[in-house]
Amino acid sequence: MKVTETTGSDSKTTSRIDLEIDHLPKDVQNDIKEEVGEYLVEATLLALGEASSPVSGERFPKLSKDYQKKKVAQGGSSSPDLEVSGALKDAIDYRATSEGIELGVFGSEAAKADGHNKFSGRENYTPQRRFLPGEGQTFKQDIVRQVEQIIADHSGSAIQKSDLSGVESKEELYEALGEFYPDMSKAAIKAAVAGNSDLLDLLIELDLLEYL
Amino acid sequence: MAKARVSVKLSKEFQRKISTLGNRLVDDKLANQVGTMLVEESKRLISNGISPVRGVGRFEGYKNPEAYPGNKKPARPVNLSLTGTMLSYLNFKRNGQVIEFGIINAPAKVNTIARVHNTGEREDIPQRQFIPIGDDAGTEAFVPSITAKLRELFRRRVLEILGGSKK
């Protein structure tokens with residue numbers, strides 16, 4: 001997973017993320033993009049709720065005393081959770097792209113989001129509180145791990161009966177599965193398969209489950 | 001009543017297969033793990049104003065925050081909690097191979113409040129669904145973080161069962 005481009009403008013403030021799944025069939029890619037997109041929106045909102053960034057290496061500076069007083073008077077909390085009316089957080093969303101997803105804020109709250117993320121370089125004299133990864137940046141480890149697991153869990157759905165024809169041993173099974181789970185250990189492949197009910201059914205049908 | 005029956009959509013074939021290995025997928029341990037996780041993660045999401053139900057997103061804001069919640073609590077995030085009574089009944093119980101999750105064993109008044117939030121049946125209170133509706137809510141009825149945790153718990157159980165069979 002890597003950020004290929006960022007945009008900061010009055011109409012959108014986003015990070016384009018390549019999920020590196022173009023080796024998978026289109027329908028599986030679409031499922032992955034949908035689930036990863038929804039997950040990253042959720043993970044971003046949860047991090048902001050705790051007044052922290054979902055981006056590795058980023059921290060949110062405390063609010064100034066003056067702004068803190070003003071924010072509380074308006075019904076917000078005293079922490080830098082980027083929420084008073086809720087409009088900015090309500091606008092965090094994603095779009096599917098050819099290579100993955102575009103995560104960020106689309107529409108009227110985009111300028112405000114850019115003010116926090118500083119993608120455009122425009123100065124608004126507020127501290128950086130980046131909640132979208134920039135180029136070269138990544139999400140925190142637990143978020144990255146979860147995205148990788150989502151991709152692994154869905155990858156098994158690409159496997160057809162014909163991909164496993166002729167398999168007659170444990171070694172042959174893992175060799176065939178390895179084509180769909182590149183760079184993964186046997187234990188990781190086994191775990192991924194165990195999380196995919198379609199693939200488990202296929203293995204049962206072909207009487208290969210015990211080789212797992 | 002605001003309650004969902006949560007099950008993993010495993011085929012009858014798979015259920016039959018693992019039963020021949022001397023096991024049933026949902027045992028007491030798995031039911032407790034799943035139920036506990038659903039309650040904890042749902043509360044965590046709800047406290048951040050996010051519905052645990054897929055497709056709902058953040059809970060809609062209050063129509064007149066000065067009137068409600070006024071000074072009682074911050075107007076955002078909307079967290080379905082004032083005294084904490086309703087969410088204290090968010091719980092689970094095992095029913096065979098299915099886990100029931102929702103507002104359980106609650107007084108009538110609490111059930112009504114939960115139902116109003118979940119269904120949006122009152123015009124003056126926006127729908128803020130926090131429990132999947134329907135008789136049979138599969139793992140995909142929940143947001144991705146919960147779905148991923150459900151898959152992980154079921155994955156571990158499947159691996160545990162498979163670990164006992166050799167070929």
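All values below were derived from every heavy atom in this structure, side-chain atoms included, with hydrogens, water molecules and symmetry-related copies excluded. The structure displayed is predicted, hence computed values, not measured ones. Throughout, protein chains are lettered first and strands after them, A, B, ... in sequence-line order, and every chain is numbered starting at 1.
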Toward chain B, the part of A/Val84 with a non-hydrogen atom under 4.5 Å: backbone
Heavy-atom contact with chain B under 4.5 Å, split by part of A/Lys170: neither
Flag side-chain contact, heavy atom, 4.5 Å: B/Arg44 against A/Leu46: yes
Contact class of A/Glu38 relative to chain B, heavy atoms under 4.5 angstrom: both
Most contacts with chain A, counted as non-hydrogen pairs under 4.5 angstrom, among B/Gly57, B/Gly61, B/Pro69, B/Pro77: B/Pro77
Residue part contacting chain B, namely of A/Gln149, when any heavy atom lies under 4.5 Å: side chain
Student check: side-chain heavy atoms of B/Leu45 and A/Glu42 closer than 4.5 Å: yes
Minimum-distance pair of heavy atoms, taken over all atoms of A/Ala191 and B/Leu159: CA-CD1, 4.0 Å
Which atom of A/Gly195 lies closest to which atom of B/Arg155, heavy atoms considered: CA-NH1, 3.5 Å
Toward chain B, the part of A/Ser85 with a non-hydrogen atom under 4.5 Å: backbone
Sub-4.5 Å side-chain heavy-atom contact between B/Arg151 and A/Ile150: yes
A/Lys161 NZ: over 12 foreign heavy atoms closer than 6.0 Å: no
Selection from A/Val193, A/Asp90, A/Val41 maximising heavy-atom pairs under 4.5 Å formed with chain B: A/Asp90
Heavy atoms from other residues, nucleotides or ligands near CD of A/Glu175 exceed 12 (cutoff 6.0 Å): no
B/Asn105, CG atom: more than 12 neighbouring heavy atoms under 6.0 Å: no
Check ion pair B/Arg76-A/Asp81 (N to O, under 4.0 angstrom): no
Whether over 12 other heavy atoms sit under 6.0 Å from B/Asp124 CG: yes
Heavy-atom neighbours of B/Lys73 NZ exceed 12 at 6.0 Å: yes
Structural part of B/Arg156 lying under 4.5 Å from a heavy atom of chain A: neither
Part of A/Asp153 within contact of chain B (heavy atom distance under 4.5 Å): side chain
Full working for salt bridge (charged side-chain N to carboxylate O under 4.0 Å, His left out) between A/Glu83 and B/Arg58: CA-CA 13 Å; A/Glu83 179 155 35; B/Arg58 297 230 306 158; 2.7 Å; yes
Gap between atom OG of B/Ser145 and atom CD of A/Glu35 - 0.5 Å precision: 10.0 Å
